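Take a look at the structure set out below.
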Amino acid sequence: MNFLCICTYYKGMEFLRSCKAEGNTVYLLTNKKLENKDWPWESIDETFYLENIDNTFDTYGNIIKGLAHLMRSKKIDRIVALDDFDVEKAALAREHFRIPGMGQTTARYFRDKLAMRVQAQHAGINVPPFSPLFHDVDITEYLNATSAPWVIKPRSEASAAGIKKVHSFQEAWDTIHSLGEERHNYLIEQFKPGDVYHVDSLTVGGKVIFSRCSQYLNTPFEVAHGGGIFRSVTVEHDSKDEKALKKVNDQVMKAFGMKFSASHTEVIKCHEDGKFYFLETASRVGGANLAEMVEYSSGINLWREWAKIETAVATDGTYELPPVDDYYSGIIISLSSHQWPDYAPFNDPEVVWKMNDEYHIGLIVRSRSRERVLELMEKYALMIRDLGYHASAPAPDKPVH
């Protein structure tokens, strides 16, 4: 089969390798700025580049024209988006060339935070009270009916990029007005303090066949806006929380029409009422090296298995999930003031992975004991601060390539 993988951020190497290892021809469409990155070139048959990767009509037009030219001589059987920002690109191309897979309507549920909330609410899934920013009277009535604080979010950014927290009726309206003609691309949502979780899963035939639940010790919003240290740990296996999280994730995948893919779903357990509320989802592998964290706890490489699933579906074959381990793992990542931090002090035997990225420090630990993982997460967070490794930067309005 011939796969076109769209990935305008530098990620997904294991998917590309696995896709090629399955016997497929692999084409990569990526950002021109990334042509000198260390892609797994041995697994890529041909590469194409976009000068502008923004999701605009001009970009879509260039993709359609380029793909139409390519398909005169090479048939494309499947198109896969490896990053959030490429989901729309892939859906548009599938629709235009009638290639099987997620179309534009379903893709909206996995990219557009407003579409997610409306669809989840219609399916009876708990979501924090929200409002579009279309109609002035509706917004005013929403602000009067709910209590501060609120967060104003871009509908189609990833992680915590572009989110603004407001604490009063006037501040909310000032922020909304500041968006000008772009306000229709945002929504407002009541901020619910609570513990934030992520469920990383694989779906085949419309059924979730694997999921691993984890808890952020510092949420992406806190890290981005407070200069904190990013941490996440596996949820206790077979606990009430794990069962509740898996249930929410299953409900979301069913309501959103997920047929086959990897996915990354975020859920909050509200401190006020103890209920779980759906926050957002994505039809791809989670970022921030969460795939590695999931693999060390479960033995399941999400990128690799996703490629196998895509191949099995494309060839009408069968897919079998490998055996799943029940370790606990934890990840800690921080911007660093050191170009290449010295990992010598982080020498506990539970350390199984170390980040190799300029001006970053990061580790993954693994243990049969969740308490031990939590203990190491706390210990290493203090060490990163106390040893002068930690650095912070202002939160970007858009994710950085």
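Worth saying up front: this structure is predicted, and the values here are computed from it rather than measured. In what follows, residues are counted from 1 in the order of the sequence shown.
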Discussion item. Using the side-chain contact (heavy atoms from CB on, under 4.5 Å) criterion, which residues pair with Thr59? Sequence neighbours excluded.
Written reply: Leu50, Asn52, Thr56, Ile63, Lys89
Discussion item. By the side-chain hydrogen bond (donor to acceptor under 3.5 Å, both in side chains) test, which pairs, at least two apart or in different chains, include something from residues 313-324?
Written reply: Glu305-Tyr319
Fill in: Steps toward side-chain hydrogen bond (donor to acceptor under 3.5 Å, both in side chains) verdict (Asp86, Thr8)
CA-CA 7 Å; Asp86 303 319; Thr8 55; 2.6 Å; yes
Fill in: Residues which pass salt bridge (charged side-chain N to carboxylate O under 4.0 Å, His left out) with Glu292, listed by chain and number, not counting sequence neighbours
none
Worksheet, complete the sentence: Taken in chain and number order and not counting sequence neighbours, the residues that satisfy salt bridge (charged side-chain N to carboxylate O under 4.0 Å, His left out) with Arg72 are none
Worksheet item: Can you list every salt bridge (Lys or Arg N to Asp or Glu O under 4.0 Å) pair that touches residues 166-188, not counting sequence neighbours?
Response: Asp136-Arg183
Worksheet item: Does a sphere of radius 6.0 Å around NZ in Lys11 hold more than 12 heavy atoms from other residues, nucleotides or ligands, not counting ones at 6.0 Å or beyond?
Response: yes
Discussion item. Any donor-acceptor pair under 3.5 Å linking the side-chain atoms of Glu88 with those of Tyr60?
Written reply: no
Discussion item. According to side chain to side chain donor-acceptor pair (under 3.5 Å), who are the partners of Thr203, at least two apart in sequence or on a separate chain?
Written reply: none
If you look only at distance, which donor and acceptor atoms sit under 3.5 Å apart when one is on a side chain in residues 115-129 and the other is two or more places apart or in another chain?
residue : atom : partner : partner atom : Å
Arg117  : NE   : Glu189  : OE2          : 2.4
Arg117  : NH1  : Lys113  : O            : 2.8
Arg117  : NH1  : Leu279  : O            : 3.2
Arg117  : NH2  : Glu189  : OE2          : 3.0
Arg117  : NH2  : Leu279  : O            : 2.9
Gln119  : OE1  : Tyr109  : OH           : 3.4
Gln119  : NE2  : Ala255  : O            : 2.9
Asn126  : ND2  : Phe276  : O            : 3.4

Discussion item. Can you list everything that forms a salt bridge (charged side-chain N to carboxylate O under 4.0 Å, His left out) with Lys192? Sequence neighbours excluded, please.
Written reply: none
Worksheet, complete the sentence: Taken in chain and number order and not counting sequence neighbours, the residues that satisfy ring pair (Phe, Tyr, Trp, His ring centres under 6.0 Å) with His177 are Trp173
Worksheet item: Listed by chain and number, what are the side chain to side chain donor-acceptor pair (under 3.5 Å) partners of Asp326, not counting sequence neighbours?
Response: Arg212
Discussion item. I'd like to know if Lys32 and Glu51 make a salt bridge, using a cut-off of under 4.0 Å between side-chain N and carboxylate O.
Written reply: no
Worksheet item: Should Pro345 and Leu387 count as side-chain neighbours, where that means a heavy-atom distance under 4.5 Å?
Response: yes
Item to complete: For Asp348, check salt bridge (charged side-chain N to carboxylate O under 4.0 Å, His left out) against everything at least two apart and list the hits.
Response: Arg372, Lys379
Discussion item. Please give me the minimum heavy-atom distance between His390 and Arg385, naming the atom from each residue.
Written reply: CB-CA, 4.3 Å
Fill in: Whether Arg370 side chain and Tyr328 backbone form a donor-acceptor pair below 3.5 Å
no
Worksheet item: Side chain of Ser334, backbone of Ser336: donor and acceptor closer than 3.5 Å?
Response: no
Discussion item. Is the ring pair Phe15/Trp303 parallel, tilted or perpendicular, if the boundaries are 30 and 60 degrees?
Written reply: perpendicular
Practice prompt. Going by the ring pair (Phe, Tyr, Trp, His ring centres under 6.0 Å) test, name the single residue among Phe346, Phe230, Tyr343 that passes it with Tyr380.
Written response: Phe346
Fill in: Salt-bridge present (Arg284, Asp83; N to O < 4.0 Å)
no
Worksheet entry | Partner of Leu82 under side-chain contact (heavy atoms from CB on, under 4.5 Å), chosen from Val285, Leu16, Leu28 | Leu16
Worksheet item: Do Ser214 and Asp200 have side-chain atoms, one donor and one acceptor, less than 3.5 Å apart?
Response: no
Discussion item. With a 4.0 Å cut-off on N to O distance, would you call Asp112 and Arg155 a salt bridge?
Written reply: yes
Worksheet entry | Audit row: Ser147, Gln190, side-chain hydrogen bond (donor to acceptor under 3.5 Å, both in side chains) steps and yes/no | CA-CA 7 Å; Ser147 57; Gln190 187 177 37; 3.1 Å; yes
Discussion item. Could you walk me through whether Ser201 and Ser263 satisfy the side-chain hydrogen bond (donor to acceptor under 3.5 Å, both in side chains) test, starting with their C-alpha distance in whole Å, then the side-chain angles of each, then the deciding distance to 0.1 Å, before giving a yes or no?
Written reply: CA-CA 5 Å; Ser201 58; Ser263 60; 2.7 Å; yes
Worksheet entry | Flag for Thr265-Glu280: side-chain donor and acceptor within less than 3.5 Å | no
Please list every donor-acceptor pair under 3.5 Å in which a side-chain atom of residues 40-47 meets a protein atom from a residue at least two apart or in another chain.
residue : atom : partner : partner atom : Å
Asp45   : OD1  : Lys20   : NZ           : 3.0
Asp45   : OD2  : Lys20   : NZ           : 2.8
Asp45   : OD2  : Val26   : N            : 2.8

